[in-house]
Amino acid sequence: MGRTSKRKRKKRQSRFIRNTILSLAAISAYSLYNHSELVGFVNKTTVVEKATEIVPLVPEIIVPKVEASRIDFTKVKSPNVILIDYQTGEIVAEKESTERIFPASLTKIMTVLVALDHVVDFNQKVKMEEAYFEGLYEARASITGFVEDEVTTVGELLYGAILPSGADACLALAYLIAGSEAEFVTLMNEKAAELGLSHTHYTNATGLHDVKNVSSVADIATLTHRALQNPVFYEIFTTLQHEVAPTNINEEGFLMNSTVFNSLLRYPELTGTVIGGKTGFTEQAGLCLASIGQVDGKKYLLITAGAEAIPDFPIDQDRHIEEPIHIQDAENIYRQLMEETNHVSDH
């Protein structure tokens with residue numbers, strides 16, 4: 001990346017301002033940076049500096065499901081679903097939640113959680129080595145936006161692993177912390193055992209397909225539920241956009257966009273309800289989604305997996321591209337919660 005002209009710089013700044021305004025407008029019903037659980041962690045720099053402080057937001061153990069499901073799954077196409085009450089850990093509804101699945105990029109939730117367990121200095125410099133990119137382009141893996149020999153920080157890598165789902169960021173963290181991806185995976189499996197994830201086994205840090213890299217939506221709910229107790233993870237998971245600081249190669253930095261919020265900008269039914277999330281996809285895993293939502297002031301955690309990925313998304317009569325199935329399912333489930341809340345308040 002060479003030096004950009006003043007005209008390009010102004011264009012980039014203008015585009016950033018425009019995107020930020022659009023994004024903030026789309027989520028006007030809530031604030032990404034005003035979580036009551038994160039008092040004292042509002043500033044991202046402060047979050048990174050205090051990453052080792054754990055805020056006990058929710059119970060660590062998810063309690064057994066209630067007998068009667070509050071959700072009608074008739075039109076929910078994802079074969080594996082679990083919805084829990086974020087505060088109590090109670091399972092609100094589930095469908096085939098303990099069936100083993102391929103977690104795809106939801107694997108990166110564990111990658112970041114393990115990294116947060118071991119990181120000491122979030123401003124530590126990291127040079128992006130050739131090994132961090134090996135095989136990713138051939139596998140059509142998502143990457144962060146860094147290039148070989150670029151120098152960034154651990155904090156930027158954490159954002160990169162979740163927002164754009166960067167496999168390169170995951171590998172950089174793995175090598176930094178454990179010396180190799182294989183050794184880092186050992187730490188991931190140890191953490192899975194610690195959390196009681198009985199359906200989960202990891203073989204890589206990126207979620208690229210491997211028949212032995214497996215989990216269940218119930219396990220992913222437990223994992224995400226626990227990860228969100230870390231204020232840094234919570235901040236990253238609920239961030240819409242993150243501006244990466246200038247580097248030795250890119251003097252202006254660049255913008256990371258959350259894959260979840262990219263969908264929200266085109267799906268107004270979910271704006272103001274979904275406040276964070278992580279997507280996943282491989283051909284074998286289908287479409288996966290972990291999201292945290294808020295309905296009438298109450299928070300929920302929703303995990304779906306295995307949705308069919310249609311190569312060319314359907315186009316409606318107004319020539320708008322419809323959202324993929326995992327986003328449609330999230331809209332359906334959160335809408336049912338909203339309708340239930342409205343019904344109760346009417347009586």
Side-chain angles (χ1 to χ4, degrees), residues 54 56-67 69 71 73 76 78-118 161-162 170 174 178 181-230 233 237 277-282 284-292 300-307 326 333:
I54 304 299
L57 303 178
V58 292
E60 293 190 22
I61 304 300
I62 295 177
V63 300
K65 73 182 182 70
V66 293
E67 290 301 321
S69 174
I71 299 298
F73 286 115
V76 175
S78 295
N80 306 96
V81 183
I82 191 167
L83 176 71
I84 70 169
D85 183 312
Y86 178 71
Q87 294 302 127
T88 67
E90 178 186 86
I91 298 176
V92 177
E94 62 87 29
K95 180 175 71 167
E96 302 296 340
S97 65
T98 60
E99 180 181 22
R100 281 200 167 180
I101 61 160
F102 298 125
S105 284
L106 299 191
T107 297
K108 293 165 185 168
I109 296 172
M110 177 62 88
T111 301
V112 170
L113 180 58
V114 170
L116 288 171
D117 283 345
H118 292 82
I162 296 295
C170 294
E181 184 180 16
E183 290 301 316
F184 187 82
V185 168
T186 298
L187 299 178
M188 293 171 68
N189 284 317
E190 289 175 354
K191 189 70 174 181
E194 175 189 326
L195 295 176
L197 308 185
S198 59
H199 308 106
T200 299
H201 177 76
Y202 297 108
T203 59
N204 61 61
T206 62
L208 289 175
H209 181 66
D210 186 297
V211 293
K212 294 183 179 180
N213 196 81
V214 295
S215 189
S216 68
V217 293
D219 278 3
I220 295 170
T222 299
L223 166 64
T224 309
H225 196 246
R226 176 63 182 84
L228 287 165
Q229 295 179 63
N230 184 299
F233 187 94
F237 200 74
K278 175 79 189 74
T279 60
F281 170 75
T282 65
Q284 297 84 356
L287 294 162
C288 308
L289 175 65
S291 66
I292 180 172
Y300 297 88
L301 184 62
L302 172 65
I303 315 294
T304 64
H326 59 336
I333 291 169

S.K.: Where do N204 and E181 come nearest, in terms of heavy atoms and distance?
M.R.: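 What the structure gives for the nearest pair is CB-OE2, 3.2 Å.
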S.K.: How many angstroms lie between atom CG of L289 and atom OG1 of T304, to the nearest 0.5 angstrom?
M.R.: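 Going from CG on L289 over to OG1 on T304, the span is 4.5 Å.
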S.K.: Under the side-chain contact (heavy atoms from CB on, under 4.5 Å) rule, collect the residues that match up with F281, sequence neighbours excluded.
M.R.: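 Partners of F281 under the side-chain contact (heavy atoms from CB on, under 4.5 Å) test: L287, A309.
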S.K.: In Å and rounded to the nearest 0.5 Å, what is the CZ to CE distance from R226 to M110?
M.R.: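 One gets 10.5 Å once the value is rounded to the nearest 0.5 Å.
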S.K.: For the residue pair S291 and L301, what are the closest heavy atoms and their distance?
M.R.: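 For S291 and L301, the tightest heavy-atom pair comes out as O-CD1, 3.3 Å.
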S.K.: Of all residues at least two apart in sequence or in a different chain, which pass the side chain to side chain donor-acceptor pair (under 3.5 Å) check with K108?
M.R.: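 Per chain and number, K108 pairs via side chain to side chain donor-acceptor pair (under 3.5 Å) with S105, S165.
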S.K.: Tell me every residue that passes side chain to side chain donor-acceptor pair (under 3.5 Å) with S215, counting only those two or more places apart in sequence or in another chain.
M.R.: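 Result, side chain to side chain donor-acceptor pair (under 3.5 Å) vs S215: T200.
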S.K.: Report yes or no: does T224 contribute a side-chain atom to a donor-acceptor pair with the main-chain N or O of A221 at less than 3.5 Å?
M.R.: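 A pair under 3.5 Å: no.
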S.K.: Is any side-chain heavy atom of T111 less than 4.5 Å from a side-chain heavy atom of T206?
M.R.: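 Sidechains of T206 and T111: no contact.
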S.K.: With rounding to the nearest 0.5 Å, note down the distance linking CG in L302 to CD1 in I84.
M.R.: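 Between atom CG of L302 and atom CD1 of I84 there are 10.0 Å.
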S.K.: Would you compute the distance between atom OG1 of T222 and atom CG of L197 and round it to the nearest 0.5 angstrom?
M.R.: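 Between atom OG1 of T222 and atom CG of L197 there are 6.0 Å.
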S.K.: Return yes if some donor-acceptor pair links the side-chain N/O of N213 with the main-chain N/O of T203 below 3.5 Å, else return no.
M.R.: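 Pair found, side chain donor or acceptor close to backbone of T203.
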S.K.: Hey, are the side chains of Y300 and I333 touching, using non-hydrogen atoms and a 4.5 Å cut-off?
M.R.: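 Not touching, per the 4.5 Å side-chain cut-off.
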S.K.: Search all heavy atoms of A218 against all heavy atoms of T98 and return the closest pair with its distance.
M.R.: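 A218 and T98 have their closest heavy atoms at CB-CG2, 4.3 Å.
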S.K.: Shortest non-hydrogen contact from K278 to A161?
M.R.: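 Taking every non-hydrogen atom into account, CE-O, 3.8 Å.
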S.K.: List in chain and number order the residues that pass salt bridge (charged side-chain N to carboxylate O under 4.0 Å, His left out) with D117, two or more places apart in sequence or in another chain; answer none if no residue qualifies.
M.R.: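 D117: salt bridge (charged side-chain N to carboxylate O under 4.0 Å, His left out) contacts with K191.
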S.K.: Could you state the interatomic distance from CD1 (I303) to OG (S78), rounded to the nearest 0.5 Å?
M.R.: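 OG of S78 is found 11.5 Å from CD1 of I303.
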S.K.: Could you list the residues that satisfy ring pair (Phe, Tyr, Trp, His ring centres under 6.0 Å) with H209, not counting sequence neighbours?
M.R.: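 Ring pair (Phe, Tyr, Trp, His ring centres under 6.0 Å) list for H209, sorted by chain: F102.
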S.K.: Taking all non-hydrogen atoms of both residues into account, name the closest pair between P79 and E96 and its distance.
M.R.: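 The pair with the smallest heavy-atom distance is O-CB, 3.5 Å.
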S.K.: Taking only residues two or more places apart in sequence or in another chain, which ones pass side chain to side chain donor-acceptor pair (under 3.5 Å) with T282?
M.R.: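 With neighbours one apart ignored, the set is empty.
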S.K.: Are side-chain heavy atoms of D219 and L223 found at a separation under 4.5 Å?
M.R.: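 With C-beta onward as the side chain, the pair stays apart.
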S.K.: What's the shortest heavy-atom distance between G280 and A104, and which atoms?
M.R.: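 Scanning both residues, the minimum pair turns out to be C-CB, 4.0 Å.
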S.K.: Tell me which one of L113, I109, I292 satisfies side-chain contact (heavy atoms from CB on, under 4.5 Å) with L228.
M.R.: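 Testing each of L113, I109, I292 against L228, the sole residue satisfying side-chain contact (heavy atoms from CB on, under 4.5 Å) is I292.
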S.K.: Going by side-chain contact (heavy atoms from CB on, under 4.5 Å), name the residues that satisfy it together with A305, two or more places apart in sequence or in a different chain.
M.R.: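 Counting only residues at least two positions away or on another chain, A305 forms a side-chain contact (heavy atoms from CB on, under 4.5 Å) with N80, I101, V217, C288.
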S.K.: Got a list of side-chain donor-acceptor pairs under 3.5 Å for residues 182-189, not counting sequence neighbours?
M.R.:
from	atom 1	to	atom 2	distance (Å)
T186	OG1	A182	O	3.4
N189	OD1	Y202	N	2.8
N189	ND2	V185	O	3.4
N189	ND2	Y202	O	3.0

S.K.: Rounded to the nearest 0.5 Å, what separation is found between the CG atom of L208 and the CG atom of D210?
M.R.: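 The CG atom of L208 sits 9.5 Å away from the CG atom of D210.
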